[in-house]
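One is the number of the first residue; the rest follow in order along the sequence. Model, not experiment: these values are computed from the prediction.
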Amino acid sequence: MSEHDLIGQLLGTAGEDAGCEGAHARLAEYVEQELTGLEMADVLPAVAEHLHNCPACVEDYRGLVALARGRG
């Protein structure tokens, strides 16, 4: 096991993580589906996992939710 793999295991997420690029690519879809009441950990688990672990992407997510709800 490489040092990079070990660090990833120690500091990484429990599940698959979409990463910032992957999360941003599907963020609009994520918000649209979430606002319909779907459980996003089941629908887009890699994006949900990333949002659980990335404060910068959570800010973007919150802004998009506010915009979608008409508070943007």
Side-chain angles (χ1 to χ4, degrees):
M1 176 180 295
S2 75
E3 184 176 303
H4 183 269
D5 292 336
L6 180 59
I7 291 170
Q9 281 187 335
L10 293 173
L11 300 177
T13 60
E16 184 180 337
D17 187 318
C20 292
E21 285 187 37
H24 277 257
R26 303 201 68 188
L27 199 54
E29 175 188 1
Y30 184 96
V31 169
E32 286 176 14
Q33 291 189 31
E34 182 180 57
L35 292 176
T36 67
L38 294 174
E39 179 58 49
M40 297 314 297
D42 296 331
V43 178
L44 292 171
V47 176
E49 184 70 24
H50 184 72
L51 291 175
H52 180 73
N53 295 295
C54 183
C57 287
V58 167
E59 283 188 43
D60 294 339
Y61 158 78
R62 288 180 180 154
L64 193 53
V65 168
L67 189 64
R69 289 183 173 157
R71 293 183 288 170

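Of all heavy-atom pairs spanning Asp17 and Gly19, the tightest one is OD1-N, 2.7 Å. Residues Ala23 and Ala18 share a closest heavy-atom pair of N-CB, 3.8 Å.
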What side-chain donor-acceptor pairs closer than 3.5 Å can you find for residues 36-45, not counting sequence neighbours?
from  : atom 1 : to    : atom 2 : distance (Å)
Thr36 : OG1    : Gln33 : O      : 2.6

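Partners of Glu32 under the salt bridge (Lys or Arg N to Asp or Glu O under 4.0 Å) rule, at least two apart in sequence or in another chain, do not exist in this structure.
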Tyr30 vs Leu64, side chain to side chain contact (heavy atoms under 4.5 Å, CB included): CA-CA, chis, key distance, verdict: CA-CA 10 Å; Tyr30 184 96; Leu64 193 53; over 6 Å; no
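Looking at heavy atoms from C-beta onward, Tyr61 lies in side-chain contact with Glu34 at the 4.5 angstrom threshold. Using a 4.5 Å heavy-atom threshold, the side chains of Val47 and Glu29 count as separate.
A distance of 10.0 Å separates SG in Cys57 from CD in Glu21, rounded to the nearest 0.5 Å.
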